[in-house]
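Remarks on the structure that follows.
Only this structure's heavy atoms are used, side chains among them; waters, hydrogens and symmetry mates stay out. Quick caveat, the model's predicted, so the values are computed rather than measured.
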Amino acid sequence: MNTYTIYSLIRLICLLIMITFLLANERFNKKKKLEYKNDERWKTVKLSANRIVQKYYLLFTFLVSVGAVYYMMFAENSHTTILLKDVFKILFYIMMLAIPIEYLALRYYGKKI
């Protein structure tokens, strides 16, 4: 098995995990929306979970900004190249990671009520 096959397999597994969390998140949202009848308790849970996701995006933005500043200041003469395709793959998986974070936050705050 070569490294390309291993990386493809890892990407496929990550994608399947993200899809599983996406479906579980949708199912959980529908179930709790009916259970709480979309009242203020459920809206509070959703708001709290959305705050967690916003903090994740803020952290992600901060890390990208720090990396860009570091690159502009110190690694300007570096001859390393990164394919744009690889950058977009990484960004895609980082953005998709917000779905499990939202799901786990909904479960956590849903139990708290």
Separation between CZ of Phe28 and CG of Leu23, rounded to the nearest 0.5 Å: 15.0 Å
Spatial distance of atom CG (Leu9) from atom CD1 (Ile13) [nearest 0.5 Å]: 4.0 Å
Same cluster (ILVMFWY, side-chain, under 4.5 Å), Val69 and Val64: no
Distance, nearest 0.5 Å, that separates CG of Leu91 from CE of Met96: 13.5 Å
Sub-4.5 Å side-chain heavy-atom contact between Phe21 and Leu16: no
Minimum side-chain heavy-atom gap Asn25-Glu102 below 4.5 Å: yes
Leu104-Ile19 co-clustered via ILVMFWY side chain contacts under 4.5 Å: yes
Co-membership, hydrophobic cluster, residues Leu84 and Ile90, 4.5 Å side-chain: yes
Lys/Arg-Asp/Glu bridge criterion (N-O < 4.0 Å) met for Lys37, Asp39: no
Common cluster, Tyr57/Tyr103, ILVMFWY with side-chain heavy-atom separation under 4.5 Å: yes
Residues Lys32, Glu35: salt bridge by 4.0 Å N-O rule: yes
Rounded distance [0.5 Å steps], CD1 in Ile17 versus CG in Leu12: 10.0 Å
Over 12 non-hydrogen atoms of neighbours within 6.0 angstrom of NZ in Lys89: yes
Minimal non-hydrogen separation, Gly110 against Val45, with atom names: N-CG1, 3.9 Å
From CA spacing to verdict: side chain to side chain contact (heavy atoms under 4.5 Å, CB included), Lys43, Asn38: CA-CA 7 Å; Lys43 289 179 183 177; Asn38 206 18; 4.1 Å; yes
Partner of Phe92 under side chain to side chain contact (heavy atoms under 4.5 Å, CB included), chosen from Leu15, Leu97, Val87: Leu15
Atom pair CD/OG1 of Glu40 and Thr44 - distance to nearest 0.5 Å: 6.5 Å
Main-chain N/O of Arg11 paired to Tyr93 side chain as donor or acceptor, under 3.5 Å: yes
Side-chain donor or acceptor of Asn50 paired with backbone N/O of Lys46 under 3.5 Å: yes
Separation of Phe60 CZ from Ile94 CD1 (nearest 0.5 Å): 4.5 Å
Contact summary for Ile101 and Val53, nearest pair of heavy atoms: CG2-CG2, 4.4 Å
Same cluster (ILVMFWY, side-chain, under 4.5 Å), Trp42 and Leu47: no
